[in-house]
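Just below is one structure, and these are the notes that go with it.
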There are 2 protein chains.
Amino acid sequence: MATIYEVSERAGVSLATVSRVINKTVPVRESTRIKVEAAMRELGYRPNSVAQSLASNRSNSIGIVVSELGGPFYGELLSRIENEFRAVGKHVIIAAGHSNAELERDSIEFLQSRNCDALILHVESVDDKYLEDLAATGLPFVLINRMVPSIAEHCITLDNEQGGFLATEHLLQLGHRDIAYISGPLWKHDAEERYTGHQSALASYGIEEDKTLFYEGDFQETGGEQGLAHLLAQGKKFTALVCANDEMAAGAITAAHEADLAIPEQLAVIGFDNINFSHYTYPKLTTIDYPVAEIGEMAARWVLKRVYQRPIDDLEVLFAPQLIVRDST
Amino acid sequence: MATIYEVSERAGVSLATVSRVINKTVPVRESTRIKVEAAMRELGYRPNSVAQSLASNRSNSIGIVVSELGGPFYGELLSRIENEFRAVGKHVIIAAGHSNAELERDSIEFLQSRNCDALILHVESVDDKYLEDLAATGLPFVLINRMVPSIAEHCITLDNEQGGFLATEHLLQLGHRDIAYISGPLWKHDAEERYTGHQSALASYGIEEDKTLFYEGDFQETGGEQGLAHLLAQGKKFTALVCANDEMAAGAITAAHEADLAIPEQLAVIGFDNINFSHYTYPKLTTIDYPVAEIGEMAARWVLKRVYQRPIDDLEVLFAPQLIVRDST
DNA sequence: GCTATAAATGAAAGCGCTTACATCATAGGC
DNA sequence: GCCTATGATGTAAGCGCTTTCATTTATAGC
C-alpha cells in the first residue's frame, strides 16, 4: 500500500500538504489539492488509519461492549449504532462481555488500549465503582440500560420499572388477580427494576403479592419453560403470567402448549422487550416495547455530540416503554 | 496512560527489554523480568496496541464483514468467531456490508487500512473478480458461504444445493407432488443454489417444475407473506411449500394462518437455516440446518492456522446441511 | 515598486512501540 | 587467568502519519 510519502513525491508537494488535503484542516490551494488528489487516485492510496491514530491520538473508532453478539436484542442495538457512525465515517469495534465482570473489564481495557475515541457500554456485572473510576479517567463513554446516579450524565436508560408496571397493570385491567411472575436474574439491574414495577402495580390495586407465584429465571427461553413448569407444579391457581423478557415468555408459551393450557383463555402471557420475533409465537405475544433502535441511535448521537462536537441538540436519556397488545392476553 | 518508556525507567532497564518481557520473543533474565513486571503493575501500564500495530505491522485484530449485524444468523456467526479469537487474545473489528457492493468494498478497505491481520468475509454483492484481486494483494481472508473456484482455498461453504435438494426431497417422500417454492433473490449465490437443489429433487422424482408455483422473495419475513399470498391468489393447487429461509417460512406461516390453512394438514411448510427461533413458530418449523456456529468456528480456525501459525490440523471447507423435522410438514 | 500582512507550504519533531544490530556480561575451556 | 562462545541487554532507526513552527509566496495598500 502506498504511503503518504509516495503521494507527496508524485504530487510534488510535502508530506504536510498531503496530510492537509486528507484532513481538510487547513485550506489548501485549489490547484495543489487537485494535484494531490490525482496522485492519491493514481496510487490507489488510502491513509493508514493506525498511523493516523497514533499520531493524532484520535482513532475515529468507537468501542462497544455488549453482553452477547448474538440474539435479537443486541443485534439490533449494534446494527443501529454501526449505521449511525458509518454515516459519518466513524467505525465500531465490538467486544462481548458475556455478563461476566472480568470479561467486561477486559473488554473495556482492550478497547481503551485500542485508542477508541469513546465507548458505548452495555455492561451488567462490573460494579458502579468501576464505572465511576472509568469516568474519572476522562474517557468518554455512555452507559446503556443502567443508571449510576453519580455519573448520570453518562447514562441512557429505559424506565424498566414503569415497563414492569405497565405489563402487570395491563393484566390487572383485564381482570386478572392471580398473576404469576417469571423474573430475570435479580442481580441484574433491569430485572430487579422490572420486578419492582410489577410489585407496585399489584400494590396500586391493593393486591398483596403471593411470593409462591414468583420464579427467578435466567432471561433465556429454557428459563421460561422451567419457570412455568415450576409454577404449575405448585398447584396454585393463577390466570396470568408476566415474563421479564420475551425469550422467557416464548419458553413459557411452549410449556403452556405442552400443559394444554389455552392462551390467553386459560393463561394470559405478557413479555417484555418486543424483540423482533415476538410475533412469531403462537398466539402472538403481547409485550412491552423496548425501543432498542432509538436507544442505540441516541447513544451514537451522544458520542457524536460530546466527542466529535457535532451540532446535536436533543439528547434524550430516559426512554419510556410502551405496551404492545397482541393476542396472548 | 503510562508509556513503555516510563516503565523502563522505573524498572531501570531499556525500552527494548520491556518490550521483550511484553512479547516474550527473546528470553529475559528472571530477575529483570520480575522487576519489569513489577514496574508495569505499579504504573498500571497497558501497551498501546495502536503503536504496537504500527511498529510491528501486526494488529492482532481480525476484520469481519457481514451483511447485517442484526438477525439471528449473523449474530450467532459473529458470536462464535469472537469467542474463538478472544480465547487467544485476538480481537475482531466488525463492519456491515448491507448486501451492497459499494458498502462491502468500503468495509473491506476500511478493515485493510485498519491493519487487520486477516479478514473473514460474508459478502454477497462484490463480484468474483474483486475477490480474486483481493487475494492477489496477499491479504489473508476467508470467504464464508460462497464458492469462488479460482480462490477455492479461501472458501468455506455450506452445500446449499444439497440443502435445497433435501428440503424438497423430504416433501416428496411425504407424498407431496404439487410443491410451491419461495426463493431468495436469485442474484444471491445461496438463493440460486438452493433453488437448483429444489429443481433437481423434483427431477429425480420425474416431476416437471411448474413455474407458476415459483416466487422470488427477499429472504425477509414479509417476502414470505407476500409470496404465499401471491401463490394462493393464482388459484393453482399445491400442498407443500419450500421457503429458501426460515424468515420467509415464518412469514408464509402467518399468511397461511390468515388464509385459514391448517399446517401441515392442508399445507406443509419447510424452511432453511434453522435459525434459533425457528421453533417459535406454530407449528414448529421443519427446516434444513445451517451449521452457522461450526462454520464460524472453522473460519476462525482457518485464520489461526494460516495467519498465526497455530497448529490446527483439520480444516473443513464444505459443510453438509441436515434435515430437521418438526411439526410443519 | 516597495513594504506590511495574510495565506499556503515545507521542515522536522514526535506519537509509543518493535526490532535489527551493537555491546556487554557471564561462563566454560584451556 | 585469558580467550572465546553464548546469552542478556542497550542503542537507535524506523512504522506512517499529524502538527507546530518557520519559511515562502501571494495580496493589498500606499
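So that the names make sense, note that chain A is the first sequence line, chain B the second, and so on, each numbered from 1.
- A/Arg33 places its CZ atom 16 Å from the C1' atom of C/dT9, with the value rounded to the nearest Å.
- When rounded to the nearest whole Å, the span between OH of A/Tyr5 and P of D/dC17 equals 13 Å.
- To the nearest angstrom, P of D/dC17 lies 11 Å from CG of A/Asn23.
- In this structure, A/Thr32 reaches the C/dT9 phosphate: one of its side-chain N or O atoms is under 4.0 Å from OP1 or OP2.
- Summarising the geometry, the separation between CZ on A/Arg58 and P on D/dC17 is reported as 18 Å, rounded to the nearest angstrom.
- When rounded to the nearest whole Å, the span between NZ of A/Lys24 and C1' of D/dT19 equals 18 Å.
- To the nearest 0.5 angstrom, B/Leu131 atom CG is 5.5 Å from B/Phe141 atom CZ.
- Rounded to whole Å, atom P of C/dC15 lies 11 Å from atom CD of B/Glu6.
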Pair A/Ser59-B/Arg114, side-chain contact (heavy atoms from CB on, under 4.5 Å): steps then yes or no: CA-CA 10 Å; A/Ser59 64; B/Arg114 211 78 222 181; 3.9 Å; yes
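- Take the nearest nucleotide of DNA chain D for A/Leu15 and for B/Gly12: the residue whose nucleotide is more 5' is B/Gly12.
- The side chain of B/Thr3 sits closest to C/dC17 out of C/dC17, C/dA20, C/dG14.
- Of the side-chain N and O atoms in A/Ser56, none sit less than 4.0 angstrom from OP1 or OP2 of D/dT19.
- When the C1' atom of D/dC17 is taken as reference, atom CD of B/Gln52 falls 18 Å away, rounded to whole Å.
- Along DNA chain C, the nucleotide nearest B/Arg20 and the nucleotide nearest B/Pro47 are compared for position; the residue whose nucleotide lies closer to the 5' end is B/Pro47.
- The phosphate of D/dT9 (OP1 or OP2) has no side-chain N or O of B/Thr17 nearer than 4.0 angstrom.
- Contact check, B/Asn48 against C/dC15: no side-chain N or O comes under 4.0 Å of OP1 or OP2.
- Of the candidate nucleotides D/dG10, D/dC17, D/dT20, D/dG10 has the atom nearest to the side chain of B/Val13.
- Within 4.0 Å (heavy atoms only), B/Val50 reaches no atom of the nucleic acid at all.
- Among the nucleotides D/dG16, D/dT9, C/dT18, the one closest to any side-chain atom of B/Val26 is D/dT9.
- For B/Ser19 and C/dT18, the shortest distance from a side-chain N or O to OP1 or OP2 is below 4.0 Å.
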Step-by-step side-chain contact (heavy atoms from CB on, under 4.5 Å) determination, B/Phe73 to B/His122: CA-CA 12 Å; B/Phe73 187 85; B/His122 186 297; 4.2 Å; yes
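- OP1 or OP2 of C/dG10 sits under 4.0 Å from a side-chain N or O of A/Ser14.
- Distance B/Arg29 CZ to D/dG7 C1': 9 Å, rounded to the nearest Å.
- With A/Phe219 as the aromatic partner, A/Lys188 does not meet the cation-pi criteria of under 6.0 angstrom to the ring centre and within 45 degrees of the ring axis.
- Comment: B/Arg46 engages A/Glu109 in a salt bridge, judged by a side-chain N to carboxylate O separation of less than 4.0 angstrom.
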